[in-house]
2 protein chains.
Amino acid sequence: MQNAVETAEIYIERWSAAAGETGPCPVRDVLDKIGDKWSMLLVMTLACGDKRFNELHREVPDISQKMLTQTLRDLQRDGLVSRHVFDTKPPSVEYRLTPLGHSLIVPFGHLIEWANGSIRRIEAARKDFDAVR
Amino acid sequence: MQNAVETAEIYIERWSAAAGETGPCPVRDVLDKIGDKWSMLLVMTLACGDKRFNELHREVPDISQKMLTQTLRDLQRDGLVSRHVFDTKPPSVEYRLTPLGHSLIVPFGHLIEWANGSIRRIEAARKDFDAVR
DNA sequence: GGTGAAGATTACCTTGAGGTAAGTGCATGC
DNA sequence: GCATGCACTTACCTCAAGGTAATCTTCACC
């Protein structure tokens with residue numbers, strides 16, 4: 001990142017090009033996952049170490065089994081997570097971040113830092129805005 | 001960003017704390033905007049310079065008027081965008097990024113770079129995955 | 001031989017984000 | 001005097017994301 005505005009322009013350009021019929025743009029594509037209610041939470045949970053299905057379910061209790069399966073499947077499809085089946089007595093399945101998955105943690109971490117650093121100002125802005133209304 | 005895994009742990013910790021009744025976590029909160037279909041596109045469009053309502057509508061033709069108004073209103077509420085009314089003959093309204101809005105461009109830019117750099121590997125992974133199915 | 005855990009899949013249902021379309025008030029241009 | 005542009009607002013409708021809950025298979029334990 002040298003120049004934020006420059007990056008913005010490249011982004012807009014790619015976006016427009018994509019809208020022009022080439023299919024969905026890569027940024028939009030990735031953003032859908034980022035914005036997804038569970039994807040990033042699972043990626044970050046797996047960033048702490050490999051986990052089994054029910055282990056994930058215990059660490060993220062408010063996800064339904066259906067969404068856990070589905071989100072894991074999507075992440076696997078995108079090559080961010082790999083699935084390893086061990087045929088132990090009750091077959092156990094382990095999920096891991098792939099190198100690609102690990103590489104997402106870095107840019108995503110910047111966003112987390114921004115979020116944590118900006119939340120007070122955002123909340124203050126909301127309060128002001130709502131006070132006027 | 002010194003250590004990605006460390007950041008991940010802080011994230012998980014905050015998330016869990018938030019789930020524990022403090023309200024929605026700041027990261028989730030910010031992510032909702034990031035993941036929003038239009039918010040980031042508008043922020044990036046405004047990163048190229050201040051724009052008026054219909055100017056934005058022309059640059060982002062596939063957004064509906066309703067969503068443009070609504071998204072702009074939300075961004076304004078969060079203090080990312082400011083609204084300036086000039087009472088010219090047909091009243092014109094200009095939208096600008098606030099300093100807070102500008103600061104988002106940096107971490108977001110990292111994500112854009114990651115997206116553009118990773119899309120080929122993601123698409124390859126999807127192809128492989130779908131081939132097996 | 002009944003119970004429980006592991007790792008799912010499936011059917012059904014609700015909610016809300018976002019699209020479409022039309023209307024509003026005002027002013028300039030044709 | 002009709003149309004057009006600006007900046008919205010409102011009503012209505014649709015579709016898909018995601019929740020709930022039931023079900024499945026296999027094995028170990030008591």
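Within every chain, numbering begins at 1; the chains are lettered A, B, ... in the order of the sequence lines, protein sequences first and strands thereafter. Because the structure is predicted, anything quoted here is derived from the model rather than measured.
One finds the CG atom of B:Leu41 at 7.5 Å from the CG atom of B:Asp62 (value rounded to the nearest 0.5 Å). With values rounded to the nearest 0.5 angstrom, B:Lys37 atom NZ is found 9.0 Å from B:Ile63 atom CD1.
In this entry the distance linking OH of A:Tyr95 with P of C:dG7 reads 8 Å, nearest Å. Taking atom CG of A:Leu68 as the reference point, atom P of C:dA8 lies 8 Å away to the nearest angstrom. Rounded to whole Å, the distance from NZ on A:Lys33 to P on D:dA17 is 11 Å. A:Lys51 has its NZ atom 20 Å from the C1' atom of C:dA8, to the nearest Å. Summarising the geometry, the separation between CG on A:Leu56 and C1' on C:dA8 is reported as 14 Å, rounded to the nearest angstrom.
Residue A:Ile105 comes nearest to A:Ala47 through the heavy atom pair CD1-CB, 3.2 Å, listed as atom of the first residue, atom of the second, then distance. What you find for A:Leu100 and B:Trp114 is that their closest heavy atoms are O-CZ2, 3.7 Å. In terms of heavy-atom proximity, B:Arg28 sits nearest to A:Asp36 at NH2-O, 3.4 Å. In terms of heavy-atom proximity, A:Leu97 sits nearest to A:Val43 at CD1-O, 3.8 Å.
When each of A:Leu46, A:Leu42, A:Thr98 is checked for a side chain to side chain contact (heavy atoms under 4.5 Å, CB included) with A:Val81, only A:Leu46 meets the rule.
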I'd like a table of atom pairs between the protein and nucleotides 3-6 of chain C - only N or O on both sides, under 3.5 Å - with the distance next to each one.
| unit_1 | atom_1 | unit_2 | atom_2 | d |
| --- | --- | --- | --- | --- |
| C:dA6 | OP2 | A:Asn54 | ND2 | 3.3 |
| C:dA6 | O5' | A:Asn54 | ND2 | 3.2 |

What pairs of nitrogen or oxygen atoms, one from the protein and one from nucleotides 14-21 of chain C, lie under 3.5 Å apart?
| unit_1 | atom_1 | unit_2 | atom_2 | d |
| --- | --- | --- | --- | --- |
| C:dG18 | N7 | B:Lys66 | NZ | 3.2 |
| C:dG19 | OP1 | B:Lys37 | NZ | 3.3 |
| C:dG19 | OP2 | B:Ser64 | OG | 3.4 |
| C:dG19 | N7 | B:Lys66 | NZ | 3.4 |
| C:dG19 | O6 | B:Lys66 | NZ | 2.3 |

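Between A:Arg83 and C:dG7, a side-chain N or O to OP1/OP2 separation shorter than 4.0 Å is absent.
Checked against salt bridge (charged side-chain N to carboxylate O under 4.0 Å, His left out), A:Arg96 has the following partners two or more places apart in sequence or in another chain: A:Asp50, A:Glu94.
At the heavy-atom level, B:Phe86 lies nowhere under 4.0 Å from the strands shown.
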